[in-house]
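Structure record follows, encoded as structure tokens.
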2 protein chains.
Amino acid sequence: MGVTKADRTPSSRSLTRGRVIEAALALIDTVGADAITMRGVAETVGVTPMALYNHFSSKDDLLRAIAAHILIDAVFDGDETGWRAQLAFCFRAFRAVCLRYPILPRLLETSEIAPAAAFAPMDVTLHALEQAGMPTVDALRTYFTLVNFTLAQTSYQSRRSYPGLEPSKRVRAERLAGRGHDAAGQPQLPSGWDFDAAFEFGLDLILDGVRRALLTGRAKTTAKAAASKRRRRGE
Amino acid sequence: MGVTKADRTPSSRSLTRGRVIEAALALIDTVGADAITMRGVAETVGVTPMALYNHFSSKDDLLRAIAAHILIDAVFDGDETGWRAQLAFCFRAFRAVCLRYPILPRLLETSEIAPAAAFAPMDVTLHALEQAGMPTVDALRTYFTLVNFTLAQTSYQSRRSYPGLEPSKRVRAERLAGRGHDAAGQPQLPSGWDFDAAFEFGLDLILDGVRRALLTGRAKTTAKAAASKRRRRGE
DNA sequence: ACCTGAACACCGTTCAAGT
DNA sequence: ACCTGAACACCGTTCAAGT
């Protein structure tokens, strides 16, 4: 028999999605997330930029694959018991991933890049809260509250590490400032700001609110179970 | 006397910061936030791109000025009484501005663009919460919880209006999908998702948490019940 | 099927020159 | 002091051509 498609194993030199993604992640770790370009990634895998387009339909497609690769290994449901511990675990884990891969918040926020794997925390949240007796709509709203809070917080924290404003820009900025346009006046956080504590505080705020919603919601259901059920079915 | 500097009023054709900012905002309203470039803004004010650099030190400087222009007129403290009404007013107003100017969340999130005026909501929050007896650190943490939640939520909502994925990209995406790389699988929100209700729900969650923090904080000063409660609850 | 090389249509910004 | 025009060093992506 001749050599069929199935027999032909790719040589070690052949370009694959996986190799490109690994190279991109390494590039982000060393050079920073801003420097990730098709040309740059192609160079690190030793190939022409256009070769990437045989494996990814666009840069967005590459970015989405990177996000998926990061998220596929992440664990968002531990063996915690109770909705509060489950949600705390889930979003602490989510935050940890976002801080480990600072490009992730940007990928999940920006454009239509979010891959299917990005919605694992949503599943955990919905399951935990519905188990606790919360209507689905409210559980979804709670999820978005938590995920928006976490995304923006980690995004902000990651961006703070990079200083910005090279000397050449500063010269012109100061010249303009001399003419009355103050380009400065940037308010600052306390330099020793504890992001971990701030996150835990915010998480506690939200989960305290959830607890209250569950309590008042439960009171409501015992009284007007039929109405609540009808409302849920109507959506 | 000759014509001095003070006499020389700028002709109606002269370029000013204000004219550039107005033009940029108009451009954003019509063409969209993504299309705002130095070249594009220059064209709408009828000038060469480099002319802008006599009034702004960089594109970031322009963007910061735009953000400041938007925020300078916004009102974040109404005549509400009580911390809860004050915070609700403040962040409803903040959200309204972010939705009216969809570029704003991106400006406040991205890089070092945030102008001094962006911190007006912080002042309102800190004042209201300190008035209510909350320690400054916790008030700051509460502010960041609220502002991060609001920014991410409005940012997400604004981005949803633009569909994305032109036909040319879709062709290649489908070709790749046929080879086993599913580029799709994008989970969706319910199509009739009520962002206003979701925001109000999240705001309520957080403010309920704040209320609880104020109560336990106050209890701590008078008795030790809160501490023991916390210990029992805490992990 | 996969990769290359040249080219296109963009960016922000520098620099030298005009007035 | 303010503006222009050409140029530089980048982008993502198209297209025609190689193998």
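A, B, ... follow the sequence lines: proteins, then strands. Residue 1 opens every chain. Note that the structure is a prediction, hence the values are computed from the model and not measured.
Ionic pairing of D194(B) and R141(A) is not present here: no N-O contact between side-chain nitrogen and carboxylate oxygen is shorter than 4.0 angstrom.
Distance, K59(A) NZ to dT14(D) C1': 18 Å, rounded to whole Å. Regarding L52(A), its CG atom lies at a distance of 10 Å from the P atom of dG12(D), rounded to whole Å. Atom CG in D61(B) sits about 10 Å away from atom P in dT13(C), given to the nearest Å. Between the C1' atom of dC10(D) and the CE atom of M38(A) lies a distance of 16 Å, rounded to the nearest Å.
The side chain of T37(A) has dC11(D) as its nearest neighbour among dC2(D), dT13(D), dC11(D). You'll find that the side chain of V47(A) is closest to dT4(C), out of dC11(D), dC11(C), dT4(C). The side chain of A51(A) lies closest to dC3(C), out of dC3(C), dC3(D), dT13(D). Closest approach to the M50(A) side chain among dC15(D), dC11(D), dG12(C) is made by dC15(D) (side chain taken as heavy atoms from C-beta onward).
Of the side-chain N and O atoms in Y53(A), one or more sit less than 4.0 angstrom from OP1 or OP2 of dT13(D). Between H55(B) and the phosphate of dA1(D), there is no side-chain N or O to OP1/OP2 separation shorter than 4.0 Å. The phosphate of dC3(C) has neither OP1 nor OP2 within less than 4.0 Å of any side-chain N or O from T48(A).
Using a 30° and 60° split on the angle between ring planes, F199(B) and F149(B) fall in the parallel class, below 30°.
One side chain, S155(B) or R159(B), offers a donor N or O that lies under 3.5 Å from an acceptor on the other.
Stem analysis of DNA chain D (Watson-Crick or G-U pairs, both distances under 3.5 Å, runs of at least three) returns C:4-8 with D:12-16, C:12-16 with D:4-8.
With sequence neighbours excluded, no residue forms a ring pair (Phe, Tyr, Trp, His ring centres under 6.0 Å) with F91(A).
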Let me see the working for D196(A) and R95(A) under salt bridge (charged side-chain N to carboxylate O under 4.0 Å, His left out), right down to the final yes or no. CA-CA 10 Å; D196(A) 291 351; R95(A) 175 169 183 263; 3.0 Å; yes
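The 12-atom threshold is exceeded at CD of E130(B), counting heavy atoms of other residues, nucleotides or ligands nearer than 6.0 Å.
In terms of position on DNA chain C, the residue among G46(A) and R39(A) whose nearest nucleotide sits closer to the 5' end is G46(A).
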